[in-house]
Every structure is written in C-alpha cells, then in structure tokens.
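Data first, discussion second: the structure below is written as structure tokens.
Keep in mind the model is a prediction, meaning the values are calculated, not measured.
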Amino acid sequence: MPIPQGFTPSASQAQLEARRTAFATPPNPLAMVSESEVRDALTERHSAATQAKLDAAHVAIAGLGGLGSTIAVALTRIGVGHLHLVDFDRVDMTNLNRQQYFLKDVGEYKTEALQANLAQINPFVEVTIDTTKVSDENVSALFANDDIICEAFDVPENKTLLVNAVLEQLPGKKLVSASGMAGFRSSNLVETRRVSSNFYFCGDGVTAPKPGAGLMAPRVGIVACHEANMITRLILGEQEA
C-alpha cells in the first residue's frame, strides 16, 4: 500500500543512522543454534515423516506485505525447507501496523529485510530472494522452480495479473491467493475454498480498505494464516480446502 496522504516521515539523521546500524549488525543465528537442534525440535512437534515433506517443499511468496511477510514467518516456523521471496518494494513506517518488519528494517528492501528476519527464526530454511516486480513477461521464469505459488499482493490489479499469468502459463503449479481482508469485520467471514484443481482462495472476497477501516494486523493476519495453512495442507498431500 502507498504511504497514506498526509503522512510525512520525520526521522532525524541520527535516527536513520541508528536504523542502518541495527540492520547491518544483527545477531548471528548460526552462533546460537545447530541445525540438528532445530530439526530435532521440529520433528518432536511434527513427526519425522511430516517434517520430511515440509523440508522438501519449495514455496514462492509473491508480495511481502501484511499477507506475504506473515505467511513467510508461519512457514519458516514449521520448517518449510525452501522459500522464494519476491517483491520490489522497500519497508516504510506505515507498513509496521501489519507487516513482519521492525524499525531497523525501515528503508530496506522487503526481500532483504524479511530474509534477515526469517534467519533469526530458523537459519536453516533456504530462503532465496528476487527483488523485482512481477509481470506477465517474467512469471514463467521467475516461478519455474517452485511447487506452490502464493499470491500475497495488496493491490487488486497485481493480484489479478499474477493469478491469470500462473493459471495460463504454469497450470501445473499449485496457486494460493487471497482477497477481502481489510478493516475489523468478523473473523468468521474469512474462508478458504478450492476454486479449481490447482487454485485456492482465502479471504471474505469483498472487504476492501476504506477510511477508518484500512488494512490492519489482526484481520490481515487471519487471512495470511489461512493461506499458510492451505499451503501446509498441500505440502502434506491434502487437496481439499
């Protein structure tokens, strides 16, 4: 989403420098944990058979805002082995009301900021990034190596572009999309449904942002977790919503 009209960033040079320093000097997760410790903890929760399927999965997330960043965190926490993050935008202060970033990330590319944040959860998930804008022309090449593609854009036109391009150019890929998540309407209106053999939809399908009821963390998070759970079901062999 664009910065709301009337919002003017007011950080001082000292504050900007403090953000840059914090982003450049995060704790080293590899110094704090071993791969076997992480895997043993995940296996205890999920079982070896389930974790093996999660380890092998390749999931792309297109759009790293309130939906995509939350989906990425959820999938990293359960140990999905390979995540592909795609976005062209940078983190700004108005993103922090719903997206999985921190003050240190403001001004950084979302791909790079989220990759660094996910490493603080599980540094052994393979996270690749493409800091680029999705278009009709690059969809086939961009997502060629992914099993499941998650549409997580804010802008309706971008959602439509990606969904249509995947269905036309990559019909064998699983696609999970979302729409209708703004404001604070009832959580019970949100649903997941199977649209076609490889296409799944999450959200209430109608609720768009409006003054006083924009995109907010709780409801966006509910839809994001619907998407993350559908992706998890697909990885584990469940086909129905």
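Side chain of Asn138 to backbone of Lys133: a donor-acceptor contact under 3.5 angstrom is found. With Asp105 contributing its side chain and Phe102 its backbone, the two residues share a donor-acceptor pair below 3.5 Å. Distance alone, capped at 3.5 Å, is enough to place a donor-acceptor pair between the Asn97 side chain and the Leu215 backbone. A donor-acceptor pair under 3.5 Å links the side-chain atoms of Asp92 to the main chain of Thr94, judged by distance alone.
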Next item on the list: Take Ser140 and Gln169, measure what side chain to side chain donor-acceptor pair (under 3.5 Å) needs, and give me the verdict at the end.
Entry: CA-CA 6 Å; Ser140 291; Gln169 301 176 33; 2.7 Å; yes
Next item on the list: Check the pair Val59 / Asp147 against side chain to side chain contact (heavy atoms under 4.5 Å, CB included), numbers first and verdict last.
Entry: CA-CA 6 Å; Val59 178; Asp147 304 320; over 6 Å; no
Next item on the list: In sequence, state the C-alpha distance, the side-chain angles, and the governing distance for Ile78 and His46, and then conclude on side chain to side chain contact (heavy atoms under 4.5 Å, CB included).
Entry: CA-CA 8 Å; Ile78 63 171; His46 302 155; 3.8 Å; yes
Margin query: Using side chain to side chain contact (heavy atoms under 4.5 Å, CB included), reason through Tyr101 and Asn117 one step at a time and then give a plain yes or no.
Written below: CA-CA 8 Å; Tyr101 302 104; Asn117 291 343; 4.1 Å; yes
Note to self: Pair Asp40, Glu44 - check side chain to side chain contact (heavy atoms under 4.5 Å, CB included), show working.
What the structure shows: CA-CA 6 Å; Asp40 288 349; Glu44 180 181 346; over 6 Å; no
Pairs of donor and acceptor atoms involving the side chains of residues 230-241, under 3.5 Å and at least two apart or interchain, shall be tabulated with distances.
from: Thr232; atom 1: OG1; to: Ala228; atom 2: O; distance (Å): 2.8
from: Arg233; atom 1: NE; to: Glu240; atom 2: O; distance (Å): 3.2
from: Arg233; atom 1: NH2; to: Glu240; atom 2: O; distance (Å): 2.7
from: Gln239; atom 1: OE1; to: Lys174; atom 2: NZ; distance (Å): 2.9
from: Glu240; atom 1: OE2; to: Arg194; atom 2: NH1; distance (Å): 2.6

Output a table of donor-acceptor pairs, distance under 3.5 Å, between side-chain atoms of residues 178-189 and any protein atom two or more places apart or on a different chain; print 'none' if there are none.
from: Arg185; atom 1: NH1; to: Thr207; atom 2: OG1; distance (Å): 2.8
from: Ser186; atom 1: OG; to: Asn188; atom 2: N; distance (Å): 3.0

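Remark: Ala11 engages Gln15, Leu16, Arg19 in a side-chain contact (heavy atoms from CB on, under 4.5 Å) (not counting sequence neighbours). For Lys159, the salt bridge (Lys or Arg N to Asp or Glu O under 4.0 Å) partners two or more places apart in sequence, or in a different chain, are Glu151. For Arg90, there are no salt bridge (Lys or Arg N to Asp or Glu O under 4.0 Å) partners at least two apart in sequence or on another chain. Taking Arg39 as the reference, Asp55 meet the salt bridge (Lys or Arg N to Asp or Glu O under 4.0 Å) condition, with sequence neighbours excluded. With sequence neighbours left out, the side-chain contact (heavy atoms from CB on, under 4.5 Å) criterion links Pro211 to no other residue. Among residues two or more places apart in sequence or in another chain, the side-chain contact (heavy atoms from CB on, under 4.5 Å) test is passed with Glu35 by Phe124. With sequence neighbours excluded, no residue forms a salt bridge (Lys or Arg N to Asp or Glu O under 4.0 Å) with Glu227.
Interatomic distance, CG of Leu114 versus CD1 of Ile61, reported as 7.5 Å (0.5 Å rounding). We find the CG-CG distance between Leu67 and Asp154 to be 6.5 Å, quoted to the nearest 0.5 Å. One distance of note links CG of Leu118 with CD of Gln115; it measures 8.0 Å at 0.5 Å rounding. Between the OH atom of Tyr200 and the CD1 atom of Ile148 there is a distance of 9.0 Å, given to the nearest 0.5 Å. Atom CG of Asp89 is separated from atom OG1 of Thr131 by 10.5 Å, given to the nearest 0.5 angstrom. Of the inter-residue distances, the one linking Thr128 atom OG1 with Leu85 atom CG reads 7.0 Å to the nearest 0.5 angstrom.
Scanning both residues, Pro27 and Pro29, for their nearest heavy atoms gives O-CD, 3.1 Å. Closest approach of Asn198 to Pro171, counting heavy atoms only: ND2-O, 3.0 Å. In terms of heavy atoms, Cys202 sits closest to Val176 at SG-CG1, 4.2 Å. Minimum interatomic distance between Lys173 and Asp146 (heavy atoms only, all atoms of both residues): NZ-O, 2.6 Å. Counting all heavy atoms, side chain and backbone alike, Pro209 lies closest to Gly214 at CB-CA, 4.1 Å. The two atoms that bring Leu83 and Ala72 nearest to each other are CD1-O, 3.9 Å, heavy atoms only.
Between the side chains of Thr43 and Gln51, no donor N or O sits under 3.5 Å from an acceptor N or O.
Checked options His58, His82, His84; the residue passing with Glu126 is His82 (criterion: side-chain hydrogen bond (donor to acceptor under 3.5 Å, both in side chains)).
Around the CG atom of Asn145, the shell of radius 6.0 Å holds no more than 12 heavy atoms that belong to other residues, nucleotides or ligands.
Side chains of Thr111 and Asp130 form no contact here, defined as non-hydrogen atoms less than 4.5 Å apart. Between Thr21 and Glu17, some side-chain heavy-atom pair lies under the 4.5 Å cut-off.
Sorted by first and then second residue, the side chain to side chain donor-acceptor pair (under 3.5 Å) pairs with a member in residues 208-219 read Asp204-Arg219; sequence neighbours excluded.
Taking Ile, Leu, Val, Met, Phe, Trp and Tyr as members and joining any whose side-chain heavy atoms lie under 4.5 Å apart, directly or through other members, Val206 forms no hydrophobic cluster with any other residue. The other members of the hydrophobic cluster of Val166, by chain and number, are Val86, Val134, Val139, Leu142, Phe143, Ile149, Phe153, Leu161, Leu162, Val163, Leu167, Leu170, Leu175, Val195, Phe199, Phe201 (side-chain heavy atoms under 4.5 Å, ILVMFWY only).
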